[in-house]
Amino acid sequence: MSTVFSEDSAWAIILAAGKGSRLGALNNGTEKQFIEWKKRPLYWHSACTFARCACITGLVFVFPEKYLDREKDRIKSLYAKENLGIPWKIVAGGATRQLSSRNGLAQIPFSVKKVLIHDAARPFLTPALVWEICKELTSETPAVIPGIPVIDTIKVIKGNDEEFVAGTPPRKNLRAIQTPQGFVKDILLSAYESNFLSEATDDAMLLEKQGFCVRVIQGEEKNIKITVPEDLMALKESGCAIQVTGFGYDVHRYGGERPFMLGGIAIPTEIRIQAHSDGDVLLHALMDAILGAACLGDLGAHFPDTNPEYEAISSSLLLDIVLELASKAGFRISQADLTIVCQKPRILPFRIQVQKNLARLLELPVNLVNLKATTEEGLGFTGNMEGIKAFAVVSGIRKLSGMSSP
Ligand code: CTP
Ligand code: MG
């Protein structure tokens with residue numbers, strides 16, 4: 001695959017060659033990097049995040065040797081479904097994390113100047129963190145790593161003896177370090193060549209030992225590493241709830257044969273309505289607002305007026321169907337504000353009755369359903385008493401499965 005590399009382009013290495021032994025047999029023998037989350041292997045989520053950042057121009061996946069062919073096929077089919085738009089390579093890891101990093105590093109094209117090394121077991125990293133690391137990497141600061149302040153007091157113990165404390169480093173100077181860790185590639189390469197540390201638990205340690213400047217930037221609380229069984233809980237929250245609003249508008253012409261229905265209540269008036277359904281302008285605006293909040297299109301798309309089934313149908317019945325559809329889309333209404341615009345009839349005498357009925361239909365307390373009415377001062381088609389219009393705004397919560405907060 002040929003690619004043009006800019007001076008500052010960075011490749012990301014996704015380390016996925018571990019055994020996940022601390023997670024234990026709990027996961028049916030599947031190593032944590034291959035856990036299916038939102039219908040994709042865990043490592044793919046990090047790949048997607050990197051691909052969303054323009055500063056990342058390529059990916060290297062590092063897998064256990066025995067899974068190399070299987071994962072090559074899987075990545076090909078994942079790319080076929082959601083092309084990440086950047087080249088990728090795949091390589092076998094080693095017995096330790098550091099050996100896996102080194103194998104990944106050897107795959108980075110010569111012209112690439114920067115590299116980010118990331119644990120596949122940290123699927124929650126954000127593009128903002130990737131950007132920050134890429135931005136802060138310079139020849140003066142050849143290593144940039146994310147860290148968060150520690151909450152607990154940390155003790156250093158003597159050797160392997162767990163019972164005796166050797167010291168307590170000041171907590172304000174301590175950071176829990178995460179990945180991705182960013183490096184100027186050539187400096188990291190030479191550190192690997194000259195200073196292989198068997199005890200290194202991250203890549204930055206190699207540069208620290210050689211006296212290079214390693215900068216810690218603010219990491220992300222949510223960027224945890226799936227390590228022990230309890231961490232799997234974090235993968236269960238595969239959705240989010242967001243506050244949503246919907247708007248609806250409808251008009252009906254006077255002069256037909258339908259009785260005057262408003263919010264499910266028959267209004268005693270001589271005025272008749274022209275409509276295919278029961279012509280309840282208020283419920284129609286309300287239903288459109290609900291469909292809007294649930295992102296389900298509009299009333300006409302669900303109940304076409306060409307369908308004889310909906311002739312003279314009660315809008316209260318349609319509202320039940322709309323609420324059911326919205327509920328399936330994760331929407332729960334919490335409040336509605338409606339406005340009727342007409343010259344005649346006068347709405348005020350029926351306002352409370354209509355408001356109560358709307359609250360009943362929506363299963364909401366009456367004080368969360370507001371109803372207003374106004375004239376247009378004799379202007380326009382409402383002023384000429386040719387018709388009536390209604391506006392509706394609803395708000396509520398929408399639960400979205402398989403999505404993180406926007
Ligand atoms: N890793 C790797 N090669 C190794 C060891 C680890 O690529 N030889 C990767 C893991 O797949 C993981 C990341 O490095 O994404 C962080 O390592 P860790 O959390 O320790 O994962 P494991 O080594 O798989 O887990 P454990 O230590 O519990 O066995
Ligand atoms: Mg490990």
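Please read all numbers here as calculations on a predicted model, not as lab measurements. Start at 1 and go down the list; that is how both ligands and their atoms are numbered.
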Novice: Checking ring pair (Phe, Tyr, Trp, His ring centres under 6.0 Å) between Trp44 and each of Phe34, Trp37, Tyr79, which is the one that passes?
Specialist: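 When ring pair (Phe, Tyr, Trp, His ring centres under 6.0 Å) is applied between Trp44 and each of Phe34, Trp37, Tyr79, only Tyr79 qualifies.
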
Novice: With ring-ring contact (aromatic ring centres under 6.0 Å, His included) as the rule and sequence neighbours excluded, what pairs involving residues 271-292 come up?
Specialist: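 Only His252-His284 qualify under ring-ring contact (aromatic ring centres under 6.0 Å, His included).
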
Novice: How about Trp88 and Phe50: are their ring centroids closer than 6.0 Å?
Specialist: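 For Trp88 and Phe50, the ring centres are not under 6.0 Å apart.
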
Novice: Looking only at the side chains, is there a donor atom on one of Gln210 and Ser190 sitting less than 3.5 Å from an acceptor on the other?
Specialist: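 There is no such pair between these side chains.
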
Novice: If you count only heavy atoms, which residues are under 4.0 Å from ligand 1?
Specialist: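 Around ligand 1, where the cutoff is 4.0 Å for heavy atoms, the contacting residues are Leu15, Ala16, Ala17, Gly18, Lys19, Gly20, Ser21, Arg22, Lys32, Gln33, Gly94, Ala95, Thr96, Arg97, Ser100, Asp119, Ala120, Ala121, Lys225.
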
Novice: Go through the side-chain N and O atoms of Asp278 and Ser314 and say whether any donor and acceptor fall under 3.5 Å apart.
Specialist: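 Absent: no donor and acceptor within the cut-off.
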
Novice: How long is the span from the CD1 atom in Ile242 to the CZ atom in Arg398, to the nearest 0.5 Å?
Specialist: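 CZ of Arg398 is found 6.5 Å from CD1 of Ile242.
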
